[in-house]
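If you're wondering where the values come from, they're calculated on a predicted model, not measured in any experiment.
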Amino acid sequence: MSWLAATAVVSAAMGAAVVGGIFFAFSNFVMKALARLPASEGIAAMQSINVVVLNKWFLGVFTGTALLSLVLAGYALANWSMPSAPWLLGGSVAYVVGSWLLTIAGNVPLNKRLAETPPHASDSADTWLHYINRWTALNSQRALGSVVSALLFIIALTLGLEADL
């Protein structure tokens, strides 16, 4: 494995691990803390989080890792005879599908609906309960996809480095 490929794999593994850690923290304690608040306060807090998260650092790591994963998937397919190729492809698919696409298809629509919910509306408690349960379940899947991706990238790196010895 070339130094450029190894650097790309390390970067993808780090990105997936960072994103997975963020998702893990949200599922493990942030959403649980928000669920303990009155619905209007939880909604207002999550609405604020959903605005603040759209920053260059988070989006850079989140989307940059997806783009790098696509590059690594192409690299794996073009070099399928390498021992690390199936692991690179697996890590790429785990991140792109299990984290990035799941976000676009699952969590983002929920966030958009929550953004349109007035925190003090009469039905906001029902909306909030549905949101908390569905969003956290999807988020836990995103955490798993990201962590599995990081693990598969690390295995690919190990195999790639061993092949060079």
Side-chain angles (χ1 to χ4, degrees), residues 4-76 88-121 124-154 156-157:
L4 183 59
T7 301
V9 176
V10 168
S11 298
M14 295 276 300
V18 166
V19 170
I22 292 167
F23 293 159
F24 174 80
F26 264 82
S27 288
N28 191 41
F29 57 85
V30 173
M31 297 308 284
K32 289 177 183 177
L34 294 177
R36 295 178 70 175
L37 298 173
S40 62
E41 292 176 28
I43 290 169
M46 194 66 192
Q47 287 172 334
S48 180
I49 289 168
N50 286 337
V51 169
V52 173
V53 75
L54 300 177
N55 66 71
K56 66 181 178 184
W57 293 106
F58 176 74
L59 290 176
V61 174
F62 179 63
T63 302
T65 302
L67 293 173
L68 191 51
S69 293
L70 292 173
V71 169
L72 289 171
Y75 177 77
L88 284 175
L89 184 59
S92 298
V93 169
Y95 188 81
V96 171
V97 174
S99 181
W100 200 80
L101 286 177
L102 185 58
T103 298
I104 302 305
N107 294 82
V108 169
L110 288 170
N111 291 344
K112 286 181 179 179
R113 269 185 253 137
L114 189 70
E116 297 167 357
T117 301
H120 297 287
S124 66
D126 292 336
T127 301
W128 180 236
L129 182 61
H130 170 76
Y131 177 89
I132 281 276
N133 291 330
R134 184 73 181 132
W135 192 95
T136 304
L138 289 168
N139 189 65
S140 296
Q141 292 172 19
R142 296 189 303 169
L144 181 62
S146 297
V147 171
V148 166
S149 173
L151 175 62
L152 295 174
F153 283 139
I154 291 168
L157 181 66

I'd like a table of donor-acceptor pairs (distance under 3.5 Å, sequence neighbours excluded) in which one partner is a side-chain atom from residues 59-74, with atom names and distances.
| from | atom 1 | to | atom 2 | distance (Å) |
| --- | --- | --- | --- | --- |
| T63 | OG1 | L59 | O | 3.3 |
| T65 | OG1 | V61 | O | 2.7 |
| S69 | OG | T65 | O | 2.8 |

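- Remark: T136 OG1 to N107 CG distance equals 9.0 Å, nearest 0.5 Å.
- Interatomic distance, I132 CD1 to I43 CD1, rounded to the nearest 0.5 Å: 9.0 Å.
- In terms of the side chain to side chain donor-acceptor pair (under 3.5 Å) criterion, residue partners of N111 (sequence neighbours excluded) are, by chain and number, N50, Y131, W135.
- One N or O on the side chain of Q47 and one on the backbone of L114 form a donor-acceptor pair closer than 3.5 Å.
- The CZ atom of R142 sits 6.5 Å away from atom OG of S99, with the distance rounded to the nearest 0.5 Å.
- Here CD1 of I154 is found 9.5 Å from OG of S149. Values are rounded to the nearest 0.5 Å.
- Put simply, NE2 on H130 and OG1 on T117 are 10.5 Å apart, with the number rounded to the nearest 0.5 Å.
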Go through the steps to decide whether L102 and V97 satisfy the test side chain to side chain contact (heavy atoms under 4.5 Å, CB included), and finish with yes or no. CA-CA 6 Å; L102 185 58; V97 174; over 6 Å; no
Donor-acceptor pairs are to be reported for all side-chain atoms of residues 14-39 against protein atoms at under 3.5 Å, with residues two or more places apart or in another chain.
| from | atom 1 | to | atom 2 | distance (Å) |
| --- | --- | --- | --- | --- |
| S27 | OG | N139 | ND2 | 2.8 |
| S27 | OG | S140 | N | 3.3 |
| S27 | OG | S140 | OG | 3.0 |

